[in-house]
Structure formats: C-alpha cells, structure tokens
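To keep things clear, I will list the structure first and then write my remarks on it.
Just so it is clear, the model here is predicted, and its values are computed rather than measured. To find a chain, count down the sequence lines: A is the first, B the second, and so on, and within it residues start at 1.
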Amino acid sequence: MSKITEAFSNGKAFIAFLTAGDPSKEKTIEFILAMEEAGADIIEIGIPFSDPIAEGPVIQNANTRALSHGIHTDDIFDLVRDVRSKSNVPLAFLTYINPVFYYGYEKFFKKCKEVGVNGIIIPDLPYEEKEEVVAIAAKYDVDLISLIAPTSDDRIKMIAKTSKGFIYLVSSMGVTGIRSEIKTDLEDIIGEIRKVTNVPVAVGFGINTPEQSKNIAKVADGVIVGSAIVKIIEKYGDNATPYIKEYVATMKEATRI
Amino acid sequence: MNKGRYGMYGGQYIPETLMNELLNLEKQHNFYKNDFEFKKKLQTLLNVYAGRPSLLYYAGRMTEDLGGAKIYLKREDLNHTGSHKINNVLGQVLLAKKMGKTRVIAETGAGQHGVATATAAAFLGMECEIFMGEEDTKRQALNVYRMELLGAKVNPVYSGTKTLKDAVNETMREWTTRVHDTHYVLGSVMGPHPFPMIVRDFQSVISEEIKGQLFEIEGRLPNAVVACVGGGSNAIGSFYNFIDDMEVKLVGCEAGGEGIDTEYHAASLTKGEVGIFHGMKSYFCQGNYGQIAPVYSISAGLDYPGIGPEHAYLHDMKRAEYVPITDREAVEGFEYLAKQEGIICAIESAHAIAQAMKMAKTMDKEDIIVVCLSGRGDKDAESIQKYKLAKSNNNSNNYNTNNNSNNTNANTDNSYDGGI
C-alpha cells in the first residue's frame, strides 16, 4: 500500500491544500507542519503556475502572490526536503502539466522521490493524456492521482480502474473555490467507483464548513479543503499559523463521525 | 494520446470536467461535416450572409512596384464583420445549435472574434457572453459597445495579465461551470482537440477558394502562400489545401514586435519552446520553470504566447516556414498597401504584406505569391497614427504589453483579434 493510500486507514482522511511560496518558502514549511499537527492526514502542496485554469479566484491569487516572490520548482523541492526532515506526513503536489513537462518528466519525478513527495495531482492531465507520465511516476513511487468530475458519467469506471493513491472526486462543476452547497449526487458516483476499485475516494472543490466536512465524510473516504485555507493565509499572511491550526483541527474533527 | 495529434503536438490537456463535452463535440462535428443539410445551410450562410466567396485580387501596382513575383490578395477583409473570423464562427454556432446548445461563450483579444461571435449569436438566436481582458475592454471600448449592441454580455477579465491569454483562461473556467447548455466558440486553431481540427475545417474554405480562383485566372498553383500567424487560423485556412502540393511554399508571419532579440515579441515558433498549455502541446513563449511568458505585439490579434499544434507540426516537418515580422515592418506594410493599392488592411495582415514585399523582389516575374488579407484595418488607423507619433517623438524602444501610457498604448488600441 502506498504512503498516500495508507493515510486513509485511520478513519476518514482530511486533506489540506496550500500554495507553495505564499507568503514565503519559510512560512509554507511552518504552515505544513502546523496542519499536520492539527490533524491533516495528507498535505497537498501547490506548485504555482502562471495560468491555473482549474482554479477559482482565491487560489489564482495565491499563485500570483507566490510567483511574484520569485518561487520556482527547485525552491519547492528544497522546501519539501526541509518538511521531510521534520515530518512523515504524506505529501502530494498539485500543479499543471507545463511546469512538470518543462522540468522534464524523468528529472521531476526522480526529484519527487528524492525529497519525499508521495503523490501528484495534475488537473489538466486527463485519462487520455496520462500515458506520457504514468510509467515514470510509478518508477519513482509517486502516485498519479486521478480526478473524476460530475460530468464523467461513462468514464468513471475507466478512470477508477487505473487510479493510484486516492481518487479526487470533484464535487461540483466549475473551478475551485468556496461553495455554500454541494449539489452533485456524490453517493451515486462513489457507488460506480466502488464497483471497480477499493482505492479511497476523497471529495474536493467548494468544501469549507465543518458541516460540509461532516456530510462529505459520511459518504466518502476523505475531505479535501483548499480555498478556505488559502483564504486564511491571504488574510493573516505571516501570522496565519494559529488560525490555520484551529481551522484544520475543526474540519478534521468534523470528519470523525 | 493518439487523438487530435499533429505529430507530437495537439492533444487534450484539459480538466476532466470538460472531457465528455469535448468527446461529444468531436463526434458531432465529424457527423455534421458530412451531413448534406448542414453543409448546405452553412454554405448558404457563407454566401448570402458573410459574402463568400471572397475576392482574389491581383495587386497590379504593388507587383509592378516591387518588380518581382505577381502578388494576389485573398480579400478576407471584405467578409461581413471585417475578417476571416466569421467563417469559423458561423460553422461553430450552427454546430452548437445542432447540439442543442442555447448559449455561446468566447474569448476575444481586442474584439474581432468577439464581434463575429456576437454577430452569429444574434443572427442565429443564441445567448452570448464574451470574455475580454480588462485592459482590452478599456482600450477597445468601441468593440465592447459593438458586442453589446449585438446583444452579447461582455465580461472583463481581471486575472493575470488582463489580456487575451487570460481571456482564454476565463472562458475555459466559465465553460467548466456550465457545459450542459453552453458551447465555447474557440476563435483559433488552438486549444484542446477537437478545436484545432474544427476551426481548420471551417477556415479551409480560404485555400479551397484560392486554389479554384487562381486556377481560373492563371491556370496554375501559386509559388507561395503567405499569411500572418497568432494562434494561426487564417494561416491554416490559407495553407490547408496546399499542404500536399509540395511545390507551393507556405510562409507564416509571426509577431516579431520590437525585435526577437528583445523581450517584446510574440514569436512562439521562432523563440518559444515546446510546452503544454491551453489544452495543447505546441510551442509557447515561456519563462524559466515553464511559466507562460507575457508577450507583446503591435497587433492584438497576434499577441498570444502560443501557436496552433498543426503549425508546430508543419514547422518541424519543414513543410511551412515561419518568420518573425517586426512592428516597424508591419507598419511599413500597412502604409505601403494603402498607398499602392488603396486597401487599408488589418495590422495583423500587414505582417503578411511585409513578408510578401521581402519575397516578391527575390522571385521571378512569372512567379505568384498569394497573401491572405485576413482583416480590414479601419480599427488600426488610429493606433498606427499614435505609434508613428510615439516613434517620432521618442526614439525609444520601451514598448511593453501592459503599459498604457501615451507612448505605448498604440500597441493594442483598436486592433482586431486576428490571431485568436
């Protein structure tokens, strides 16, 4: 069992996202450790990209802030190495295909293994295109995490069958960001997934309240929260640690049914 | 990874939310492009509404003055709405209607693709929303009004560099929010498969007509076909039916801006590197670590950091040649064509004119060059006047994409969206 999948073995997993370098490399390390301490089971680290087409305004702005401070892929590998020297928490990157392609697939995934990244989510790499990285990622023990959307329909089984680590179930149409309501019939989609695989299913996009966290945890194996955390970072900047900690602890607690 | 590829380029690098929609779009397009009724309807619209076939005009004075190859101009500028954009837009909006969509969305740089989409939407009774960088909405207030007049809602885009690339990002985001009733009318031969194929299919009417018209006049093929390239839709339209005629030289003109040795250009093939962005693998202007670079051109329509995947392939195969044309050369071409032939062309198309001026002199009098005049230039007259003024007042080179000062706002003022 991979380190990412293992994170689902103690009840429902809480997966927390932040953008690397927002507001700084040092603070990103501090925030990651704080989130782990508060109960996050997996940390998703966003490698900022100039044009993040799957993101709503909150994470777009975090990308812009991080890039304006000059952070780049090698800095982020250093940052992860630092986190790894202090923590064993499973780590996954979230980024777009171009920064990975530009770095070089072989070199990128080799580096992931070297510094201790366990998984990767690439929103603009659908099933049809994943062939070009899947073998290389596997070679370096990095789980290439598949996304399933409310519109996936007849594609659900095909995607689920070859999934690794966990399945990222997109809760709603559109881009990332806080939503007051999740309308998609998640149980139905999870039922379809369950017919072909036991890989854990975590739900993301729009989740921000403990109530939502609790409701998702009832039907899925994990809850993914991004924009709500990034918003706290946006608001409190360098001083965000206690607020992030409190928020993550509350959200994690809500998953314990 | 086999679908929608041109060699290694193209593909469908797009969020899962859109995949079923793209697969369906491909299926529907493949069906309707061979459907007699659909083809008849589109052809009728192209004839009676858009004004096709467009003229193939022999530029006699220009030819004589340059003293070399004969120059013919394919007058896409005479189409309804003033550019080749209408060819693709009528096809896509008609297809969207067949697919049961009631709403169309589109990106636009300075407004021409937006105006064409709003036009087709009005004419075919669809709801329409256009996404346009905030910078461009300010500089193109008139085009914003034209779109609104046509019944479209114009959404300013505040993200990123607030220009065309960001307008594409935002239109894609909007599409993921609402695919069930909405079709994204992509404006160029770019984006995820099947868009590069669909847009090329609808634009290939340009080379189909050139071939027939030139055969009627000259009884033969041209020696060269020249077109400007942003995303590359008028170029692929002009090249497509000549790709197998190996004796026909195909030349695409990229935006060289202030020069390809400066940072102010949009020459994706000349200076860019292979990357994956906006759904496709192709060449892009990018910075370190694969961040997409801000680009610059005097022409808003060529001011895009990438190029369609089929062009990337034609480039690698050496079937087509891509050359950078600077702002200065394009402005010279713009003025030259006005004075020699009495035609004010778009600043985008002027890049192709500038290249034809260079080539004609080196060719024989029996040789023939066809230049695609992709759009008309009324919208550029004011900005070129400003550009000239800025150049004569201030011999500086500090042009910048987002700079809106008096010296530099000439770069995209009133330009049309010829590239994408």
Side-chain angles (χ1 to χ4, degrees), chain A residues 47-57 60-61 63-64 67 70-76 95-104 108 122-134 146-156 158-159 168-170 172-177 205, chain B residues 1-5 8 10-24 26 157-161 165-180 182 191-193 273-282 284-294 305-306:
Chain A
I47 300 178
F49 182 49
S50 51
D51 297 85
I53 60 158
E55 313 296 350
Q60 278 176 45
N61 291 339
N63 278 263
T64 308
L67 288 173
I71 195 152
H72 57 63
T73 315
D74 280 321
D75 284 337
I76 297 166
T95 192
Y96 290 78
I97 189 66
N98 202 49
V100 183
F101 177 78
Y102 191 93
Y103 201 89
F108 185 92
I122 309 175
D124 57 348
L125 190 75
Y127 180 86
E128 276 73 2
E129 304 296 350
K130 75 172 187 172
E131 200 181 303
E132 67 187 80
V133 299
V134 78
S146 301
L147 290 103
I148 288 179
T151 50
S152 294
D153 300 332
D154 53 338
R155 300 167 51 80
I156 295 173
M158 172 182 89
I159 297 168
Y168 191 131
L169 175 54
V170 176
S172 316
M173 297 298 289
V175 292
T176 57
F205 276 42
Chain B
M1 108 138 215
N2 302 318
K3 274 222 285 196
R5 292 280 170 173
M8 66 181 273
Q12 291 180 297
Y13 301 88
I14 206 77
E16 170 61 22
T17 307
L18 293 174
M19 278 307 300
N20 260 330
E21 186 63 23
L22 289 176
L23 295 172
N24 185 41
E26 179 189 8
V157 174
Y158 300 98
S159 59
T161 55
K165 155 181 88 79
D166 310 284
V168 175
N169 293 343
E170 213 50 46
T171 319
M172 282 190 183
R173 290 183 185 123
E174 171 63 19
W175 205 26
T176 60
T177 303
R178 199 170 153 186
V179 289
H180 67 282
T182 300
H193 175 69
E273 293 171 83
V274 176
I276 304 171
F277 181 51
H278 279 165
M280 58 180 171
K281 187 177 279 178
S282 189
F284 297 94
C285 295
Q286 41 190 323
N288 274 344
Y289 296 95
Q291 304 295 340
I292 302 303

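Residue contact with chain B, scored on non-hydrogen atoms closer than 4.5 Å, involves the backbone and the side chain of A/Ser152 alike. Residue A/Asn63: no heavy atom, backbone or side chain, is found under 4.5 Å from chain B. Looking at A/Pro123, the atoms closer than 4.5 Å to chain B (heavy atoms on both sides) all sit in the backbone: N, CA, C or O. For chain B, the nearby part of A/Tyr103 is the side chain; its heavy atoms alone come within less than 4.5 Å. Contacts of A/Pro57 with chain B are absent, with no heavy-atom separation under 4.5 Å from either backbone or side chain. Within the 4.5 angstrom heavy-atom criterion, only side-chain atoms of A/Leu67, from C-beta onward, approach chain B. Residue A/Asn61 does not touch chain B at all, counting heavy-atom pairs closer than 4.5 Å. A/Ile47 does not touch chain B: none of its heavy atoms, backbone or side chain, sits under 4.5 Å away.
Put simply, the side chain of A/Asn98 never gets that close to the backbone of B/Gly275: no donor and acceptor are under 3.5 Å apart. B/Arg173 places no side-chain N or O within 3.5 Å of a backbone atom of A/Gly174 that could act as its donor or acceptor partner. Not one N or O on the side chain of B/Arg178 forms a donor-acceptor pair closer than 3.5 Å with the backbone of A/Met173. Within the 3.5 Å criterion, the main-chain N or O of A/Ala149 finds no donor-acceptor partner in the side chain of B/Thr17. Side-chain atoms of A/Glu129 do not come within 3.5 Å of backbone N or O of B/Tyr13 as any donor-acceptor pair.
Taking the side chain as every heavy atom from C-beta outward, A/Gln60 and B/Asn169 never approach each other to under 4.5 Å. At a threshold of 4.5 Å between non-hydrogen side-chain atoms, the residues A/Glu132 and B/Lys281 count as touching. Contact check for B/Asn20 versus A/Asp154: side-chain heavy atoms found under the 4.5 Å cut-off. Contact annotation: the side chain of B/Met19 never approaches that of A/Tyr127 to less than 4.5 Å [non-hydrogen atoms, C-beta and beyond]. Considering only heavy atoms from C-beta on, B/Ile14 comes within 4.5 Å of A/Ile53 through its side chain.
Heavy atoms only, all atoms of each residue included: B/Glu16 and A/Leu147 are closest at CG-O, 3.6 Å. Taking all atoms of both residues into account, the shortest heavy-atom contact from A/Ser50 to B/Gln291 is N-OE1, 2.7 Å.
Contact count against chain B (heavy-atom pairs under 4.5 Å) is highest for A/Asp124 among A/Asp124, A/Thr73, A/Val100. Interface summary for chain A: among B/Gln12, B/Glu273, B/Met172, B/Glu21, the most heavy-atom pairs under 4.5 angstrom belong to B/Gln12. Looking only at heavy-atom pairs under 4.5 Å with chain A, the residue among B/Glu174, B/Glu170, B/Lys165 that has the most is B/Lys165.
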Give the intermediate values and the outcome of side-chain contact (heavy atoms from CB on, under 4.5 Å) for residues B/Phe277 and A/Phe101. CA-CA 10 Å; B/Phe277 181 51; A/Phe101 177 78; over 6 Å; no
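Rounding to the nearest 0.5 Å gives a distance of 14.5 Å between CD1 of B/Ile276 and OH of A/Tyr96.
Relative ring orientation between B/Tyr289 and A/His72 is described as parallel, the plane-to-plane angle staying below 30° on a 0-90° scale split at 30° and 60°.
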